[in-house]
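Notes follow once the structure below has been shown.
Because the structure is predicted, anything quoted here is derived from the model rather than measured.
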Amino acid sequence: MSLEYDDCLKKGKIKPFSRGSSLAPKELETAGFDLGRAKETKKAGDYKWATIQIYYSMFHSARALLYAKNLREHSHFCLIVAIKELYVSTGKVTLYIVEGLQEAKNLREDADYYNRWSQQGCEKLLSIAEEFLFKAKEIIER
C-alpha cells in the first residue's frame, strides 16, 4: 500500500461506502452525460467550460470505480490516489489515464480559479476522458 493511500485512509478521506457498488452505474451515466456536454461545448468554441466539464466526466468515471469497490472519497486528491492504488497497481487502468485525470484536475483549477485554459489542453483531455469512461464501463460492467 502506498504511503499516500494509507494517509488518505487514516485521515478518513477514503471511507467504506456500502451502497457504492449499487451507485457505480449512475456515476458512469453522469460521466457520459458530462462528456457529451463537453463535446458540444468544445464544438461551440468554449474551451474553458469544456475543460471543466471534461474534468468532471473523468471525476465521475473515477468515482464509479471507487464506488465499485464500496469506497467513497472525501477529497479529489485522494480519489486520484485511490485509483492509482486500486486500479493502476493491479494493471486494470493505465498510468496514462490517471496522469490525464491529474492533469484534468490541474487544468480545471486553472480554468476555474485563474481564468487560464487552452484549446490544446481541452482537446488532449477529451480523448483521455473518452478512454477513461470506456475503461471504467468495461471494468464495472464485467
Side-chain angles (χ1 to χ4, degrees), residues 1-113 116-142:
M1 178 181 313
S2 76
L3 292 175
E4 286 179 326
Y5 185 66
D6 187 51
D7 193 46
C8 287
L9 291 172
K10 285 178 181 170
K11 290 181 176 177
K13 300 295 183 181
I14 300 292
K15 292 182 173 182
F17 184 49
S18 61
R19 296 182 317 128
S21 61
S22 68
L23 296 175
K26 183 72 173 164
E27 288 296 312
L28 290 175
E29 185 181 313
T30 301
F33 176 81
D34 286 348
L35 187 60
R37 295 294 299 146
K39 289 177 182 179
E40 291 173 22
T41 304
K42 178 188 156 285
K43 188 176 179 181
D46 187 350
Y47 302 109
K48 176 185 178 181
W49 190 238
T51 298
I52 294 166
Q53 291 169 312
I54 290 166
Y55 170 69
Y56 281 106
S57 171
M58 296 178 82
F59 169 84
H60 288 290
S61 291
R63 182 185 260 180
L65 290 173
L66 201 59
Y67 279 8
K69 300 269 188 190
N70 284 322
L71 295 169
R72 181 175 186 126
E73 90 297 335
H74 291 279
S75 154
H76 288 235
F77 171 79
C78 287
L79 175 61
I80 295 169
V81 168
I83 297 303
K84 281 184 193 172
E85 181 71 26
L86 301 170
Y87 290 96
V88 174
S89 69
T90 60
K92 292 180 179 174
V93 172
T94 65
L95 183 59
Y96 173 77
I97 288 175
V98 175
E99 287 172 345
L101 174 60
Q102 180 62 56
E103 184 177 358
K105 179 180 176 291
N106 294 341
L107 292 179
R108 192 271 308 170
E109 289 170 353
D110 281 351
D112 259 351
Y113 305 131
R116 292 189 309 240
W117 69 92
S118 72
Q119 179 179 350
Q120 180 184 5
C122 178
E123 289 171 350
K124 177 184 176 188
L125 291 179
L126 188 59
S127 67
I128 298 170
E130 289 173 325
E131 186 179 344
F132 192 20
L133 179 56
F134 177 82
K135 179 52 82 174
K137 283 180 177 179
E138 184 179 77
I139 291 167
I140 290 169
E141 293 172 356
R142 240 181 241 171

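Smallest separation of non-hydrogen atoms from A136 and L28: CB-CD2, 3.7 Å. A68 and A24 make their closest contact through N-CB, 4.1 Å (heavy atoms, listed as atom of the first residue, atom of the second, distance). Nearest heavy atom pair, residue A111 against residue K48, reads O-CE, 3.1 Å. For A64 against E27, the heavy-atom pair with the smallest separation is CB-CB, 3.6 Å. When all heavy atoms are compared, the tightest approach of E85 to S2 is OE1-N, 3.0 Å.
Every salt bridge (Lys or Arg N to Asp or Glu O under 4.0 Å) that D110 has, sequence neighbours left out, goes to R116. Under the side-chain contact (heavy atoms from CB on, under 4.5 Å) criterion, A82 pairs with Y5, I14, L66, L86, not counting sequence neighbours. Among residues two or more places apart in sequence or in another chain, the side chain to side chain donor-acceptor pair (under 3.5 Å) test is passed with K124 by E103. Annotation: side chain to side chain donor-acceptor pair (under 3.5 Å) contacts of K11 (sequence neighbours excluded): D7. Considering only residues two or more places apart in sequence or on other chains, K105 meets the salt bridge (Lys or Arg N to Asp or Glu O under 4.0 Å) condition with E109. K39 pairs by the side chain to side chain donor-acceptor pair (under 3.5 Å) definition with E130, not counting sequence neighbours. Here L95 pairs with V88, E99 under the side-chain contact (heavy atoms from CB on, under 4.5 Å) rule; sequence neighbours left out. With sequence neighbours excluded, the residues forming a salt bridge (Lys or Arg N to Asp or Glu O under 4.0 Å) with K26 are E29, listed by chain and number. Take K135 and apply the side chain to side chain donor-acceptor pair (under 3.5 Å) test, not counting sequence neighbours, and it matches E138. Annotation: disulfide bond (SG atoms under 2.5 Å apart) contacts of C122 (sequence neighbours excluded): none.
Using the six-membered ring where Trp is involved, H60 and Y56 have ring planes that are tilted, between 30° and 60° apart.
Rounding to the nearest 0.5 Å places CG of L107 at 6.5 Å from OG of S118. Interatomic distance, L101 CG to I54 CD1, rounded to the nearest 0.5 Å: 12.5 Å. Once rounded to the nearest 0.5 Å, the distance linking OG1 of T30 with CG of L133 reads 10.5 Å. Going from atom OG of S57 over to atom CD1 of I52 covers 14.0 Å, rounded to the nearest 0.5 Å. Going from atom CG of N70 over to atom CZ of R19 covers 11.0 Å, rounded to the nearest 0.5 Å. The CG atom of L126 sits 9.5 Å away from the OG1 atom of T51 when rounded to the nearest 0.5 Å.
For the pair I97/I83, no side-chain contact is recorded, criterion being any heavy-atom separation below 4.5 Å from C-beta on. Looking at W49 and K42, their side chains never come closer than 4.5 Å, going by heavy atoms from C-beta outward.
Evaluation of the ring-ring contact (aromatic ring centres under 6.0 Å, His included) test over residues 116-142, restricted to residues two or more places apart or in two chains, returns none. Judged as a side chain to side chain donor-acceptor pair (under 3.5 Å), the pairs with a partner in residues 72-83 (not counting sequence neighbours) are, in order, Y55-H76, R63-E73, Y67-R72.
With respect to E40 and R37, a salt bridge is recorded, a charged nitrogen being found less than 4.0 Å from a carboxylate O.
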Exercise. For K69 and L65, what are the C-alpha separation, side-chain angles and deciding distance, and is it a side chain to side chain contact (heavy atoms under 4.5 Å, CB included)?
Worked result: CA-CA 7 Å; K69 300 269 188 190; L65 290 173; over 6 Å; no
Exercise. Could you go step by step and tell me if F77 and E4 meet the side chain to side chain contact (heavy atoms under 4.5 Å, CB included) rule?
Worked result: CA-CA 10 Å; F77 171 79; E4 286 179 326; 3.7 Å; yes
